[in-house]
**Student:** 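Got a structure here, written out as structure tokens. Questions coming.
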Amino acid sequence: MHGLIHTKVAPPVWLGNQIRRDALLARLDEALNRRLTLIHAPAGYGKTSLLSQWRRRMDDKAFVAWLTLERDDADMKRFGQYLALALNASDQPAERGDDGDPPAPDLPPRAALSAIINRIARETRPVVLILDDLHQAESPPVIEFLTSLIRLAPQNCHFVIASRDYPWLGQSILAAEDQLLELHSDDLKFSQPEAEALLGGGNEDALALCDLDMILERTEGWPIALQLTSLSLKRGVDQRQLIERFGVPSTDLTRYLSEQVLMTLPEQTQEIVLRTSILGELTGEVVNLLCDCNDGWLMLERLEQQGMFLSSLAPERQAYRYHQLFAEYLRERLVRRDKAHFCALHRRAAGWFLEQGDVTAALDHALQAEDNMLLATIFESSGGWRLIPQGHQAIAARALATLPEDMVTAWPRLMLARVYLEIKRGEMVLARASYDRFVAEVADADISADLWNEIRVVGDTLADYENVPTTFDDLLAREALLRTLPLDDHLIVANISETLGAKYFEGGWIERALEPTLTAREHYQALGSLYSDIFTRFLEARIKRAQGRVKEAGAILSTAQSEIEIAFGARSDLAANCAAFEAELLYEQDQPDEALALLGWALPHMEQSDGWVDVYAAAYLTAVRAHAAMGQMDEARQVIAQARRLAARRRLRQLDLLASLCELELLIHYEPEAEPARAYADSIELDQLADAMAEESPVYRPVAAAASLNRARLVLLEGQDTTALAELRKLKRWASQHGAGRMLIDVNILMAHGLRNTGEIALSQTSFDEAVGGAMFQGIARPFIDGWRFVEPSLAGTADSSSQMDRFRAQFLKTITRSRANRAPNLASHGGLNEAEATILEHLSFGYSNKEIARLIGMSPDTVKYRLKSIFRKIGVSKRRDAVRVSRERGLIVENRTVDADEKA
């Protein structure tokens, strides 16, 4: 009895200054309403720290006994003695007698159980028995004893148990009776505010938000990894060096994983864990393959129960994965121990995944096996370039970067993969040179018709990205080619159909564009390629917008964005492209700040990744118009300059012309006089660009249409109404014939203005009503607001007959008028900040996160983030705490405002 260690019946004193975990503590409070609370998580998830915090929280609410268990406590007699000691140690000193803690009884298990239950029964308060590290003491007698104690203890007793293993204590029955509370590793992960507080959120050396996000992503919120990162920062490690090296487990973390996790396992289990660490996703079948066994599923279940940083990827437990930092540590250890064995395991996995049809996994393992012949064979036999439009660009790029030059040039589909990859990277000059050289080399070779079709598809894709002009006859030839292709070659048929739809759309044959687009989608879906399917959604949305069906376009993009986030990530290349088209629609619907919030992250991402002329035009021109709409003309011009630089770098002549026409549009809308616009129009040869609209197949239809509209605006501004009306009638005829409903809104606004100036009031009113009718149910407001100088006379005329207008039209026009009036916000009262920015700053001063601020003021988190950047720029700071401090010093924040109950809720 004198061998009992009394410090085990109190929370460890070495926990130090821990981050308070209020959300988890509140959940743990429910333990007083449950018989059993289980906290099950691997090492380093802060189980002890959390329970220690909660123990102090319970001082005035319950009688709390604590017991930290060790391996020796697996002995039943010793376990019973410590339980008795824990309960006695929790008494007040006056109740213990003169000698402090009384000796725990040395009793048989049944008698010890009775004594402990009787001791608990004497308490009138709730009794909480906390058992920390139960996995250390697990043995059949201890588990049986504890299960009986949980079942037989008085109603006022509550058990809180922390363990790496998952103990079986009769909790199925308790769960059915709503008497079980469980917290797992996912619950114990650090949130962003907790990580920020731990890593010095209140210090001058606090990590930047992007670095914090990266650390959270890498650690997956694993508390011990974040604690060790905090320790490194406190020791003076340079932040940039820490961030750059964060992909490699630190010495401290490596030591922790070795001592606390791997070395505690039986030797056979260590071998299983090391071998299976090469896999990103574990199933029973691959465990059998790598471990030469036939009970792989049972092994995985045991590893999960043993707290081996193994989590199921779905509730059905059909696949598992290791925590990424743990897996990296295991792989590094395996390589150091036996590099040849490491490579052999990867070769075995590559062959197995190829047999299962999982090409990307097969390629990944071939890469890690460092077997170039195996890698090239798998790559070529799987289609080579075909992998890229199916969404496997990253693995294809890794393979091409690994293979030697002579091996790539010897395999045709690998050469095509190189060309396709250069296209997707925006390296058009390299792609063209590679493609032309390859075609010249195989011109006289004996290759199959199927391979020639593949060569043509890659060539057509290159021409599309180069924005090479296409005639109507070219498109008819593509239609004829489609009819000769085997329908079961889904990728080839889909590619040609998609480019056909895109070229019809770009050429202005809007109604013809939809059918091949939908055909392409059917084939991509048959292929199971969501990646390529998404591009057809973008094209369909563009078609709907051109038709004036903005809400349908928005619904298509919203669905696409949701699928992109799930499958590819919220900040992927696809997500950025989708954001560009969504921003374009948001601007149309008079939400320029929301549009800029999306483009704030999407546009820089797009400049460094895959893109084509349509998506660049949508992104850049929307950003220009949105900045101008918010009175930020310098920023608008900077974006125009960005667009021109990218157009020059990627040789996109159409984008450069559209940027020039957008700049002319700003001069027309925002300059008080026509002279600057006329001078600029002459400098870019506007007439020559606009005259191309009369051609059946102009070089760039979008350029010709934009030029023609701008010429009409400019001559109206100069008072040449008859000339403008002649041009506008041609545009209206073309737009009506081609289903260009969105263009008709612009045309009708301008025609209404010209007709009013020439005295044709009734026709003017009809044109204006047509513009309103095409716009109001779609929420298309910006053509009226941007073109205010052309709209205002028609709007004034409309007011005279407002009694005859339906309420929807009246409300739409009222909204336009109000938006125009608010276009230039009064900044004086907030030191240069507009109303929305001042509100955000005030919420920021109370410590709210971006998501919380977004909820409070009804904006998206991206919009809040964009506006915070604007605030920081205006007051000359780069961090949140500095923004609050400087704003208080300048009197921009009211010091003592009370947060009301609704905000707290």
Side-chain angles (χ1 to χ4, degrees), residues 357-361 382-397 417 420-421 423-424 453-454 457-458 460-461 464-465 478 482 485-506 510 512-547 549 552-582 584-585 602 605-606 609-615 618:
D358 190 341
V359 177
T360 54
S382 302
W385 70 274
R386 290 171 175 257
L387 295 177
I388 299 173
Q390 293 181 64
H392 307 308
Q393 179 174 329
I395 192 70
Y420 211 107
L421 185 61
I423 293 170
K424 301 297 279 183
N453 280 336
E454 294 183 50
V457 166
V458 174
D460 285 346
T461 302
D464 290 341
Y465 271 81
R478 287 198 193 191
L482 271 174
L485 297 175
L487 293 178
D488 60 348
D489 193 343
H490 296 296
L491 184 61
I492 297 295
V493 174
N495 255 267
I496 294 177
S497 298
E498 183 187 357
T499 55
L500 180 62
K503 286 300 181 182
Y504 270 136
F505 173 70
E506 187 179 317
I510 297 170
R512 280 180 170 265
L514 190 57
E515 183 180 349
T517 301
L518 298 180
T519 298
R521 181 177 306 160
E522 291 174 2
H523 285 277
Y524 284 134
Q525 290 175 347
L527 195 63
S529 176
L530 176 62
Y531 179 84
S532 294
D533 177 4
I534 292 295
F535 284 96
T536 69
R537 315 276 189 91
F538 295 161
L539 182 52
E540 184 186 7
R542 297 283 286 160
I543 293 167
K544 298 293 186 185
R545 177 187 175 272
Q547 292 172 331
R549 297 151 72 176
E552 288 182 50
I556 292 167
L557 292 176
S558 178
T559 301
Q561 188 67 277
S562 297
E563 295 186 23
I564 289 168
E565 289 182 10
I566 294 170
F568 305 101
R571 289 296 188 266
S572 60
D573 292 356
L574 281 179
N577 293 338
C578 192
F581 295 128
E582 287 184 302
E584 187 177 40
L585 298 183
H605 187 105
M606 290 164 53
S609 61
D610 175 31
W612 64 104
V613 71
D614 279 355
V615 73

**Student:** If you round to the nearest 0.5 Å, how far is CG of D533 from CD of E498?
**Tutor:** 9.5 Å
**Student:** Quick one: closest heavy-atom pair of R542 and A618, and the distance?
**Tutor:** NH1-CB, 4.2 Å
**Student:** Can we say D489 and R386 salt-bridge, meaning some charged N sits less than 4.0 Å from an Asp/Glu carboxylate O?
**Tutor:**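 Answer for the salt bridge query: yes.
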**Student:** Pairing donors with acceptors under 3.5 angstrom, does anything connect the side chains of R537 and T559?
**Tutor:** no
**Student:** Between atom CD of E540 and atom CG of L557, what is the distance when rounded to the nearest 0.5 Å?
**Tutor:**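 So the CD of E540 and the CG of L557 are separated by 9.5 Å.
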**Student:** Are Y524 and N495 close enough, and set up right, to give a side-chain contact (heavy atoms from CB on, under 4.5 Å), and what steps lead you there?
**Tutor:** CA-CA 9 Å; Y524 284 134; N495 255 267; 3.5 Å; yes
**Student:** So which heavy atom on F505 is nearest to which on A546, and how close?
**Tutor:**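 So the minimum-distance heavy-atom pair works out to CE1-CB, 3.7 Å.
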**Student:** Looking only at non-hydrogen atoms, find the nearest pair between H605 and R571 and report the distance.
**Tutor:**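 Shortest heavy-atom separation between H605 and R571 comes out as CE1-O, 3.1 Å.
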**Student:** Are L482 and L485 close enough, and set up right, to give a side-chain contact (heavy atoms from CB on, under 4.5 Å), and what steps lead you there?
**Tutor:** CA-CA 5 Å; L482 271 174; L485 297 175; 4.2 Å; yes
**Student:** If you look at every heavy atom in A513 and G501, which pair is closest and at what distance?
**Tutor:** CB-O, 3.4 Å
**Student:** Please round to the nearest 0.5 Å and tell me the distance separating atom CZ of F538 and atom CG of L574.
**Tutor:**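 F538 atom CZ to L574 atom CG measures 5.5 Å (nearest 0.5 Å).
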**Student:** Y531 vs Q393, test: side-chain contact (heavy atoms from CB on, under 4.5 Å). Steps then yes/no.
**Tutor:** CA-CA 10 Å; Y531 179 84; Q393 179 174 329; 4.0 Å; yes
**Student:** For Q525, is there any backbone N or O sitting under 3.5 Å from a side-chain donor or acceptor partner on S529?
**Tutor:**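 It does not hold such a pair.
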**Student:** Can you name the side-chain contact (heavy atoms from CB on, under 4.5 Å) partners of V359, sequence neighbours left out?
**Tutor:** L363, S382, L387
**Student:** Return the minimal non-hydrogen interatomic distance between A520 and A494, and the atom names on each side.
**Tutor:**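 Heavy-atom minimum between the residues: CB-O, 3.4 Å.
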**Student:** Should the pair D614-R545 be classified as a salt bridge under the 4.0 Å nitrogen-to-oxygen rule?
**Tutor:** no
**Student:** Is it the case that the side chain of R521 and the backbone of T536 share a donor-acceptor pair, with hydrogens and angles ignored and the cut-off at 3.5 Å?
**Tutor:**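 It does hold such a pair.
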**Student:** So how far is it from I423 CD1 to I388 CD1, rounded to the nearest 0.5 Å?
**Tutor:** 8.5 Å
**Student:** Who pairs with A575 by side-chain contact (heavy atoms from CB on, under 4.5 Å), at least two apart in sequence or on another chain?
**Tutor:** Q561, I564, S572, W601
**Student:** Distance-only, no hydrogens or angles: does the S497 side chain make a donor-acceptor pair with backbone N or O of V493 under 3.5 Å?
**Tutor:** yes
**Student:** Nearest heavy-atom pair of L530 and A567: which atoms, and what distance?
**Tutor:** CD2-CB, 3.6 Å
**Student:** Look up atom NE2 in H523 and atom CG in L518, then write down how far apart they are to the nearest 0.5 Å.
**Tutor:**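 Here the interatomic distance stands at 11.5 Å.
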